Undergrad: 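Quick one: the structure is below, questions incoming.
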Protein chains: 2
Amino acid sequence: MNFLERIHLDTVRAVDQHGTMTAAAKSLNLTQSALSHSMRKLEDRLSIKIWLREGRNLVLTQAGEHLLATANRLLPQLVHAEEQLGQFARGERGTLRIGMECHPCYQWLQKITAPYLREWPSVDFRVKQEFQFGGIGALFAHKIDLLVTPDPLLRKGLHFTPVFDYEQVLVVSADHPLRNEKWVIPRQLGDATLFTYPVPQERLDIYTHFLNPARMAVRRQKVVETTDMMFQLVACGRGVAALPRWLVEEYASKYPVVPIRLGRRGVRKQIFSRRS
Amino acid sequence: MNFLERIHLDTVRAVDQHGTMTAAAKSLNLTQSALSHSMRKLEDRLSIKIWLREGRNLVLTQAGEHLLATANRLLPQLVHAEEQLGQFARGERGTLRIGMECHPCYQWLQKITAPYLREWPSVDFRVKQEFQFGGIGALFAHKIDLLVTPDPLLRKGLHFTPVFDYEQVLVVSADHPLRNEKWVIPRQLGDATLFTYPVPQERLDIYTHFLNPARMAVRRQKVVETTDMMFQLVACGRGVAALPRWLVEEYASKYPVVPIRLGRRGVRKQIFSRRS
DNA sequence: GCAACCTATGACTATCACTCATTGAATAAT
DNA sequence: ATTATTCAATGAGTGATAGTCATAGGTTGC
């Protein structure tokens, strides 16, 4: 078994194309002798004749015709497969699966990646935001190739690359009582309604870096799915939110909202990324 | 180029099936080392990773997944091709193209071949009766594999195998004036209408072996396409025909016809066959 | 911590794919 | 006819390389 090798398909095809075995050999960068030997071995092992030797040229037998048809069907597929693997090698193909543990980063990421995707149409790009076992889990299970997160898991041998700094700020409407404050202290939010993304509290910076340390809480917390919705609600005075300053600045032209520093020093964060 | 070989497809597939490279190696009758080496070489040449080495097992990369899909698609086709070539080898497949230069032999041939064809359904069988350059020409151009003819071409190095003897006889209706003759001489046909197959006179035995040597001719010759038609016409007394005795005997139960020897000694012929 | 698994790797080897040189045969040219 | 080309087949020899062996480096599970 396993008699048929690529060389045989190549040979049958080349002989058919170039007429003679000698020409075929040249086209394959081999000697006529090499092809003769390898085909003879195939013929022996299968105990069939591929060609009839008629004078000084070769005439395909029925089995040979069949083999030629097979070669014509399979070889292009092999070549195609190699080309595609080459594309993988050059990064021209494949799916870059990005996991994101920071909600508003999606828009930032799209802005970054759009020109790249336009240039490499065969590269696919997928963003996941829901992970069964957390971002790190997805990374290790090879569900994603890259994890973007504000909360890197600090374990030995686990290296995260800082991507950019940002400041987490409070967002209030332009006519909110706190609108002119340089900064706020936790107690000032005691009566507020806080809009957050639908993630656990331990991943919300305003809790971990601001409210919890002061043992304070807001009156109400409401979950909002999208960034736009959050700005809308804040803008019409229904509550406050905590978001990156760059995001607030971007939305400031669209909604009447104001960013305010959280605490005297502000809450400074970094976005990290880690490759699989 | 030409990096991808069968072993690589086999390996990827076997590893996927058996879980580990060691098990895959066993299934391919190779050592783990062999697979490791050959796959590493492929990875190097394509500069891609097929697997990620995770602890003590292998996880396919995207390129690897792609290669696996390719293997799953192509390998069965290769195996199938080998099987079919094997069938050619064992004579279980293929088309036996038989050329026939003797019209009524077709029925005889079908009787011979029917049981064989029933047993080997994947063997195809084709009979040609019209040749652009004659039976021998078709044979040498590999248009047919076997030539059945009553008129072998006697050339040096050209060997025909005699298949069976037959006697060419005159066929007349059961109430024909000649019906009781032991044999006829050419002159007795001077006034007859002769039915023949649509072939040139030099291939009609009644001319070459009977009429021509005596410089005689029939009054009329009419061409008939089928054997059945010929017997019908003879039976109702519209004329006579010259056919093999075995054929006349077969049809005698169906039509009221009588065979009569051509000349005192009869016209004895042989059917020959020759393989391509 | 040990045993039982993996895969990777270097060194060595045997195989076999390939080349070289030649033969034999069929065309084509003289 | 005779010779020159142009094929494929073939045997002998070799060189590349696919394979084995032995071992190292890891991970997993008991």
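Letters A, B, ... mirror the listed sequences (proteins, then strands); counts begin at 1. Values in this document were obtained by computation on a predicted structure and should not be read as measured data.
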Undergrad: Output the residues of residues 34-41 of chain A in contact with DNA chain D, where contact means a heavy atom of the residue under 4.0 Å from an atom of the strand; sort by number or write none.
TA: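 Heavy-atom contacts with DNA chain D come from A:Ser36, A:His37, A:Arg40.
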Undergrad: Nearest 0.5 Å please: distance from the NZ atom of A:Lys49 over to the CG atom of A:Leu42.
TA: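 Taking NZ in A:Lys49 and CG in A:Leu42, the distance rounds to 10.5 Å.
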Undergrad: Using side-chain heavy atoms (C-beta onward) and a distance below 4.5 Å, is B:Leu58 in contact with B:Met21?
TA: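 Side-chain contact under 4.5 Å: yes.
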Undergrad: Once you apply a heavy-atom cut-off of 4.0 Å, does A:Ile7 come out as touching a base, just sugar-phosphate, or nothing?
TA: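 Since no nucleic acid heavy atom lies under 4.0 Å of A:Ile7, the category is nothing.
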Undergrad: Could you check whether B:Asp205 pairs with B:Lys269 (Lys NZ or Arg NE/NH1/NH2 to Asp/Glu carboxylate O, under 4.0 Å)?
TA: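 Looking at B:Lys269 together with B:Asp205, the answer is yes, because their closest N to O distance falls below 4.0 Å.
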Undergrad: Tell me: CE of B:Met21 to P of D:dT20, nearest whole Å?
TA: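 Distance check: B:Met21 CE to D:dT20 P gives 12 Å.
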Undergrad: Record whether the side chain of A:Ser33 comes under 3.5 Å of the base of D:dT10 through a donor-acceptor pair of N or O atoms.
TA: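 Indeed there is one.
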Undergrad: Would you kindly give the CG-to-C1' distance between B:Leu52 and C:dC6, to the nearest whole Å?
TA: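 Computing the B:Leu52:CG to C:dC6:C1' distance gives 16 Å.
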Undergrad: Would you check if B:Asn2 and A:Asp10 make a side-chain contact, meaning some heavy-atom pair closer than 4.5 Å?
TA: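 They are in contact (side-chain heavy atoms under 4.5 Å apart), so the answer is yes.
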Undergrad: Let me know the distance between CG of B:Asn29 and C1' of D:dT20, rounded to the nearest Å.
TA: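 From B:Asn29 CG to D:dT20 C1': 14 Å.
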Undergrad: Whole Å only: how far is the CZ atom of B:Arg6 from the P atom of C:dA17?
TA: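 Value for this atom pair: 14 Å.
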Undergrad: Would you mind reporting whether A:Ile7 and A:Met39 have side-chain heavy atoms less than 4.5 Å apart?
TA: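 Of all side-chain heavy-atom pairs linking A:Ile7 with A:Met39, none is under 4.5 Å.
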Undergrad: B:Asn57 has an atom CG; how far is it from atom P of D:dG25, in whole Å?
TA: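 It works out to 21 Å between those atoms.
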Undergrad: Side chains of A:His209 and A:Gln168: donor-acceptor distance under 3.5 Å anywhere?
TA: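 No - no donor-acceptor pair under 3.5 Å links their side chains.
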Undergrad: Quick one: do B:Arg6 and B:Glu82 make a salt bridge, cutoff under 4.0 Å?
TA: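 Yes, this pair counts.
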Undergrad: Using only heavy-atom distances, decide whether a donor-acceptor pair under 3.5 angstrom links the side-chain of B:Arg56 to the base of C:dT7.
TA: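 Side chain to base: no pair present.
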Undergrad: Assign each of B:Glu54 and B:Thr31 to its nearest nucleotide of DNA chain D by heavy atoms, then name whichever residue's nucleotide is nearer the 5' end.
TA: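 So the residue in question is B:Thr31.
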Undergrad: How do B:Thr20 and A:Leu30 order along DNA chain C: which one's closest nucleotide is nearer the 5' end?
TA: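 Final value for this comparison: B:Thr20.
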Undergrad: Quickly work out the A:His8 NE2 to C:dA17 P distance and round it to whole Å.
TA: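 The distance from NE2 of A:His8 to P of C:dA17 comes to 8 Å, rounded to the nearest Å.
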Undergrad: Once you round it to whole Å, what is the distance between P of C:dT19 and CG of A:Leu28?
TA: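 These atoms are roughly 11 Å apart.
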Undergrad: Would you mind reading off the distance between B:Glu5 atom CD and D:dG19 atom C1', rounded to a whole angstrom?
TA: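 The distance from CD of B:Glu5 to C1' of D:dG19 comes to 16 Å, rounded to the nearest Å.
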